[in-house]
Visitor: 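Encoded as structure tokens, here's the structure I'll be asking about.
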Amino acid sequence: MEKLTLKETVAEHTSSWSQGRLTLQNYQGFWNVQNLHEGTVLAQQSFKAQPSDVFICSFPKTGTTWLKALAFAITTRQTFDESMSPLLTTLPHECVPFLEEDLGQIEENHKKTNFPLVSTHIPYPCLPKSIIDSNCKIVYIYRNTKDVIVSYYHFIRKWLNMRVEDAPFEEAFLEFYQGISWCGPYWDHILGYWKASMERPGKILFLKYEDMKRDPTSNVKTLAEFIGHPFSMEEEEAGTIENIIKLCSFENLSNLEVNKSGKHRPETSTSIENRLYFRKAKDGDWKKYFTDEMVRKIDKLVDQKLSGTGLVL
Ligand code: A3P
């Protein structure tokens, strides 16, 4: 592929609600933070997918950490039972490599292991071509838009070390509503994967965060089957599914020492405290933040954008 010059391909926006601390780049119709934008371009230029790769794809704050933990626990359960799982001592994001930042590790996995999982926030139209050409499986998680906005607001605010008083939610909402957010517009992110799922039946599994909470057992079974690690009758009878659900639950993961006090990518500019990936995990938390006017605006927009998909957010 022809080399891309970053300067020629992006527009920039500095978020007003972040007091100038958050700058996003627009590239191929989506916004991103600088280093992940660069990571996306690098992946587009050099990543070689293998047909056995399974991609965990998501918009930020839709339940990525949970899905990564579940997919990791499912694929590695023959090697580690729940009492020995790396998830007990390692942030789920470090158990599954991230395409935008971990190309080297993914290449190592390709050479040395048969570990199939790779995660990414890259929108479908921007995915490296080799992922599409290799016809890889993709699991996509999505979540109620209003809860995503609240989760996103707190995550970015805490990451930028801002107090609630200094980061007006109304402005953050407005920006998100305009499509300007990390990986935004959210509805276009969903639509890209949804359209692809229509074009590539059986290759893209859609999971809804709220459904997974309501009925984890059947969702975990579906996930395991889809990624090629179905549970046997013996495992079902032995309670393996329930054990995995318990291991990956918010209550369990958020109380582990590593997730309370550890740091993710401590040596980098995007270093972040692990605890920021675990906030409340509560459906409907948006009700404390949204005015009636905000609800009306965002519901109307999302209804318009996703009409015809059958997806309900
Ligand atoms: P809240 O901010 O609403 O609490 P992501 O992993 O995509 O960054 O999404 C983060 C959201 O998922 C946060 O939502 C976080 O609390 C929630 N979360 C993290 N781990 C979870 C788990 N094991 N089960 C359910 N939700 C989880």
Side-chain angles (χ1 to χ4, degrees), residues 32-33 36 55-74 82 85-88 90-101 117 119-123 139-160 164 167 169 172-173 176 181-184 186 189-190 193 206-217 219-220 223 241-256 258-260 262 264-265 270 272-290 313:
N32 212 340
V33 291
L36 298 184
F55 289 84
I56 308 280
C57 301
S58 63
F59 185 90
K61 315 327 291 172
T62 55
T64 319
T65 314
W66 188 19
L67 181 57
K68 276 175 152 178
L70 287 169
F72 180 85
I74 290 167
E82 306 79 47
S85 174
L87 288 164
L88 296 169
T90 317
L91 177 74
H93 293 284
E94 287 173 13
C95 293
V96 177
F98 184 49
L99 185 58
E100 290 88 317
E101 292 190 290
L117 305 175
S119 81
T120 184
H121 288 318
I122 299 178
V139 183
Y140 187 77
I141 185 164
Y142 68 108
R143 184 184 185 189
N144 176 277
T145 312
K146 298 189 279 292
D147 278 331
V148 171
I149 296 175
V150 170
S151 185
Y152 173 79
Y153 165 74
H154 285 297
F155 181 81
I156 299 286
R157 182 181 66 69
K158 288 180 195 159
W159 179 49
L160 299 175
V164 173
F169 176 74
F173 164 80
F176 195 102
S181 65
W182 172 24
C183 292
Y186 178 41
H189 200 282
I190 298 176
Y193 281 94
F206 263 66
L207 293 174
K208 188 172 174 181
Y209 180 85
E210 291 79 10
D211 289 347
M212 287 171 59
K213 283 185 82 174
R214 196 175 32 78
D215 184 359
T217 306
N219 279 281
V220 165
L223 173 63
I241 301 176
E242 283 69 29
N243 290 342
I244 286 177
I245 291 170
K246 214 162 145 192
L247 170 69
C248 300
S249 68
F250 180 79
E251 291 65 33
N252 187 49
L253 292 184
S254 63
N255 283 306
L256 294 172
V258 62
N259 295 330
K260 285 199 285 193
H264 184 39
R265 305 189 192 276
T270 49
I272 194 156
E273 290 169 71
N274 293 352
R275 67 185 174 84
L276 298 194
Y277 289 103
F278 305 90
R279 196 180 64 94
K280 287 188 178 173
K282 193 168 166 280
D283 295 348
D285 193 39
W286 61 266
K287 289 176 189 148
K288 290 217 230 71
Y289 296 84
F290 276 64
L313 265 70

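Each ligand, and each atom within it, is numbered from 1 in the order the structure gives.
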Visitor: Give the atoms of ligand 1, by number and element, whose distance to some non-hydrogen atom of S249 is under 4.0 Å.
Guide: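 Every atom of ligand 1 under 4.0 Å from some heavy atom of S249: 23 (N).
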Visitor: Mind checking whether F155 and Y277 have ring centres under 6.0 Å apart?
Guide: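 When the ring centroids of F155 and Y277 are compared, they turn out to be within the sub-6.0 Å range.
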Visitor: Just to confirm my output: which protein heavy-atom neighbour is closest to atom 8 (O) of ligand 1, and how far is it?
Guide: K61 NZ, 2.7 Å
Visitor: Could you identify the single nearest non-hydrogen protein atom to atom 11 (C) of ligand 1 and state the distance to 0.1 Å?
Guide: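 Ranked first by proximity to atom 11 (C) of ligand 1 is R143 NH1, 3.7 Å.
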Visitor: Note the single closest protein heavy atom to atom 13 (C) of ligand 1, along with its residue, its atom name and the distance in Å.
Guide: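 The closest heavy atom on the protein side is S151 OG, 3.7 Å.
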Visitor: Given W286, Y209, F278, F59, which has its nearest heavy atom closest to atom 27 (C) of ligand 1?
Guide: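 Ranked by closest heavy atom to atom 27 (C) of ligand 1, first place is Y209.
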Visitor: Residues two or more places apart in sequence or in another chain: which of them pass ring pair (Phe, Tyr, Trp, His ring centres under 6.0 Å) with Y142?
Guide: F206
Visitor: Is there a donor-acceptor contact under 3.5 Å from the side chain of N259 to the main chain of S254?
Guide: no
Visitor: What is the closest protein heavy atom to atom 6 (O) of ligand 1, and at what distance does it sit?
Guide: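 Of every protein heavy atom, T65 OG1, 2.4 Å lies nearest to atom 6 (O) of ligand 1.
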Visitor: Would C248 count as a contact of ligand 1 if the rule is a heavy atom under 4.0 Å away?
Guide: yes
Visitor: Against heavy atoms of G63, which atoms of ligand 1 measure under 4.0 Å?
Guide: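 Per the distance check, 5 (P), 6 (O), 7 (O), 9 (O).
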Visitor: Just to confirm my output: which protein heavy-atom neighbour is closest to atom 16 (O) of ligand 1, and how far is it?
Guide: R279 N, 2.9 Å
Visitor: Report yes if the distance between the aromatic ring centroids of F290 and F173 is under 6.0 Å, otherwise no.
Guide: yes
Visitor: Need the ligand 1 atom indices (1-based, order shown) with element for anything under 4.0 Å from a heavy-atom of T62.
Guide: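 Ligand 1 atoms under the 4.0 Å threshold to T62: 7 (O), 9 (O).
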Visitor: Roughly how far apart are L36 CG and E101 CD, rounded to 0.5 Å?
Guide: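 If I round to the nearest 0.5 Å, the distance is 5.0 Å.
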Visitor: Is the closest N or O pair between T64 and ligand 1 shorter than 3.5 Å?
Guide: yes
Visitor: Is a side-chain donor or acceptor of H189 paired with a backbone partner of P60 at a separation under 3.5 angstrom?
Guide: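 A pair under 3.5 Å: no.
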Visitor: Considering distance alone, does some N or O of A281 sit under 3.5 Å from an N or O of ligand 1?
Guide: yes
Visitor: For residues 245-253, tabulate all N or O donor-acceptor pairs below 3.5 Å that involve a side-chain atom, not counting sequence neighbours.
Guide:
| residue | atom | partner | partner atom | Å |
| --- | --- | --- | --- | --- |
| S249 | OG | K246 | O | 2.9 |
| S249 | OG | N252 | N | 3.1 |
| N252 | ND2 | L247 | O | 2.8 |

Visitor: Measuring from H154:NE2 to K61:NZ, what's the distance to the nearest 0.5 Å?
Guide: 11.5 Å
Visitor: Looking only at protein heavy atoms, which one is nearest to atom 19 (C) of ligand 1, and what is the separation?
Guide: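 Of the protein heavy atoms, Y277 O, 3.2 Å lies nearest.
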Visitor: Is R279 salt-bridged to D285, going by a charged N under 4.0 Å from an acidic O?
Guide: yes
Visitor: Which of the atoms in ligand 1, numbered in the order shown and given with their element, are less than 4.0 Å from a heavy-atom of K280?
Guide: 4 (O), 16 (O)
